[in-house]
Every structure is written in C-alpha cells, then in structure tokens.
Undergrad: 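Below: one structure in structure tokens.
Predicted, not measured: the structure shown is a model, and the values here were computed from it. Basis for what follows: all heavy atoms, side chains included, without hydrogens, waters or symmetry-related copies.
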Amino acid sequence: MYRNYAPLPPPQTSSPPPHRKQWTVMEQKMFEGGLAMYLDGTADGWRMIAAGVPGRSVEEVLERYESLVREVEAIESGRVDGPRYSDEEESCEAAAMAMGVVPMRGRNSRGVAQAEERKKGTPWTEEEHRRFLEGLEKYGKGDWRSISRNSVVSRTPTQVASHAQKYFLRQSAEKKDKKRSSIHDITNP
C-alpha cells in the first residue's frame with residue numbers, strides 16, 4: 001500500500017544517526033503537509049516536501065517517510081500494538097514522542113507559540129467596531145484579511161469575518177424585533 005512510491009535504500013540503523021537532530025512537532029506538521037501536497041513518488045516531489053521543512057534534507061525527509069511506513073506496517077501487521085491513551089491531550093504528545101518528535105519549548109501541542117493563542121470570546125470594543133466600519137468602507141465586504149491587517153489589528157481575519165456576519169444580520173433585522181441594544185447597532189455616520 002505504501003510502497004507505490006520511489007523505492008528507497010534500506011536504512012542502516014533503526015534509530016537516526018547521532019549527528020541528526022530529532023524532529024520537532026512543527027517539522028512533523030510541515031512534513032505531513034508536504035506529503036499531502038506533493039507525494040507523487042517522484043524525486044521532484046521529495047524535493048518539494050524537503051523544501052517545505054527548513055533545515056531538513058531530501059535524504060532526511062525520505063528517511064522519515066520510510067520510518068513512518070515501517071511503523072504503520074508493524075502496527076497493521078499486529079507485530080506492534082497501536083498506542084492506547086487516556087485522553088486526547090496526552091495522546092498527541094505521547095504519539096509525537098513515540099515518533100521521535102520533540103515538542104518545541106514554549107509552544108503548545110500544535111506547535112503554536114503560547115503567546116499566539118487566539119483570544120476566546122473577548123467582546124469587541126466600540127473602538128474596534130468603529131475601526132471595523134472604517135475598514136469595511138475602505139476595503140469592502142469580504143476582504144476580512146485587509147480589514148484585520150490594516151484596520152482592526154487586534155483581531156484575526158476569522159474574527160473580523162464573524163463580527164461582520166453578526167453585524168450584517170443585526171443590520172438586516174427589523175428595528176421592532178430588537179430587544180436590547182448591541183455594538184452592532186453602531187453605524188458609520
């Protein structure tokens with residue numbers, strides 16, 4: 001099933017040579033993304049995958065792929081039990097460690113820096129909404145990325161799009177149906 005791709009020479013050892021560093025979670029994610037995009041079994045495909053993982057060579061990417069193929073084959077053949085974890089958070093980290101992936105310091109299990117975690121449920125201020133309206137006028141409906149980058153820099157494009165959706169729904173609602181005031185009632189003069 002996995003051997004339909006360019007054949008590779010057998011590995012010399014079961015563990016990476018001592019001069020090679022372990023794979024980080026971020027490198028593994030970039031590797032997996034490259035596999036999804038470029039895995040066609042050609043040398044050019046392997047070069048494209050390696051190019052997407054800074055600091056890793058084509059040889060290292062090929063070795064990583066073969067190592068993962070051997071692990072999957074061992075699990076599927078019943079020679080090795082598949083991992084069993086008590087909860088999802090531990091399972092991601094334990095699976096990463098089992099694959100030789102070292103979590104990056106100061107980052108969460110997805111490889112995102114802790115300081116970059118998205119704000120959850122923070123209400124928009126009147127100032128943010130005012131800047132949203134100015135950005136909407138300048139960049140137009142649907143260009144949430146430009147509005148986020150240039151007008152409401154404290155919010156992501158997804159947050160701007162969500163805010164816009166609520167804003168437009170509120171604007172289209174009939175005035176008599178409103179039960180309480182909202183920040184979405186504020187419009188540009």
Side-chain angles (χ1 to χ4, degrees), residues 21-40 42 44-58 60-61 64-65 87-93 95-97 99 101-189:
K21 63 180 183 169
Q22 288 187 318
W23 285 67
T24 64
V25 171
M26 187 58 72
E27 287 174 324
Q28 181 67 25
K29 293 283 184 191
M30 289 186 280
F31 169 71
E32 290 170 1
L35 283 176
M37 289 178 60
Y38 303 112
L39 187 59
D40 59 4
T42 65
D44 192 48
W46 292 115
R47 278 193 290 277
M48 295 296 289
I49 294 168
V53 185
R56 295 293 181 167
S57 68
V58 173
E60 288 174 300
V61 165
R64 184 70 177 164
Y65 176 77
D87 76 1
E88 191 174 317
E89 186 70 29
E90 289 177 15
S91 68
C92 290
E93 198 146 320
M97 296 301 284
M99 293 186 302
V101 177
V102 179
M104 298 177 79
R105 299 286 182 239
R107 296 182 179 263
N108 67 15
S109 61
R110 295 182 322 250
V112 177
Q114 296 292 343
E116 296 174 26
E117 284 289 334
R118 68 179 183 95
K119 293 193 272 182
K120 297 177 183 169
T122 306
W124 282 57
T125 64
E126 285 189 32
E127 177 62 21
E128 286 176 319
H129 182 68
R130 186 188 60 72
R131 290 193 317 247
F132 161 77
L133 293 173
E134 290 170 359
L136 187 62
E137 188 174 311
K138 184 174 182 178
Y139 300 106
K141 185 176 181 178
D143 194 356
W144 314 130
R145 181 177 288 167
S146 294
I147 294 172
S148 171
R149 286 184 179 167
N150 304 309
S151 298
V152 191
V153 296
S154 58
R155 299 293 178 156
T156 67
T158 302
Q159 289 171 318
V160 170
S162 175
H163 185 73
Q165 182 181 29
K166 293 171 192 169
Y167 171 73
F168 290 122
L169 284 172
R170 183 75 176 202
Q171 292 301 304
S172 67
E174 294 180 8
K175 298 288 183 190
K176 63 182 177 182
D177 289 340
K178 289 195 299 187
K179 297 187 179 187
R180 62 185 181 128
S181 62
S182 164
I183 193 167
H184 299 100
D185 295 333
I186 301 170
T187 59
N188 257 352

Undergrad: List the atom of F168, the atom of K141, and the distance in Å for their closest heavy-atom pair.
TA: CE1-CE, 3.7 Å
Undergrad: Counting only N and O atoms by type, is there a donor-acceptor contact under 3.5 Å from the side chain of R145 to the main-chain atoms of P157?
TA: no
Undergrad: Go through the structure and list residues passing side chain to side chain donor-acceptor pair (under 3.5 Å) with T158, not counting sequence neighbours.
TA: none
Undergrad: Which value, rounded to the nearest 0.5 Å, describes the distance between M37 atom CE and M48 atom CE?
TA: 7.0 Å
Undergrad: Charged N to carboxylate O below 4.0 Å: is that the case for K21 and E27?
TA: yes
Undergrad: Any idea which heavy atoms bring E128 and S154 closest together, and the distance?
TA: OE2-OG, 2.6 Å
Undergrad: I need the S151 OG to K138 NZ distance, nearest 0.5 Å.
TA: 6.5 Å
Undergrad: As an exercise, state the distance from CD of Q165 to CZ of R170, rounded to the nearest 0.5 Å.
TA: 14.5 Å
Undergrad: Going by ring pair (Phe, Tyr, Trp, His ring centres under 6.0 Å), name the residues that satisfy it together with Y139, two or more places apart in sequence or in a different chain.
TA: none
Undergrad: Please tell me whether F31 and Y65 form a close aromatic pair, meaning their ring centres lie under 6.0 Å apart.
TA: no
Undergrad: Would you mind telling me which of V152, L136, T156 makes a side-chain contact (heavy atoms from CB on, under 4.5 Å) with W144?
TA: L136
Undergrad: Does V160 offer a backbone N or O that forms a donor-acceptor pair with the side chain of S148 under 3.5 Å?
TA: no
Undergrad: Please verify the inter-ring angle class for F132 with W124; under 30° counts as parallel, over 60° as perpendicular, anything in between as tilted.
TA: perpendicular
Undergrad: Could you state the interatomic distance from CZ (R64) to CD1 (I49), rounded to the nearest 0.5 Å?
TA: 13.5 Å
Undergrad: OH/Y167 to NE2/H129 distance, rounded to the nearest 0.5 angstrom?
TA: 5.5 Å
Undergrad: Once you round to the nearest 0.5 Å, how far does CZ of R131 lie from CZ of R155?
TA: 9.5 Å
Undergrad: Please tell me if the side chains of Q159 and H163 come closer than 4.5 Å, counting only heavy atoms from C-beta onward.
TA: no
Undergrad: In chain order, what residues pass the side chain to side chain donor-acceptor pair (under 3.5 Å) check against R130, with sequence neighbours excluded?
TA: E127, E134
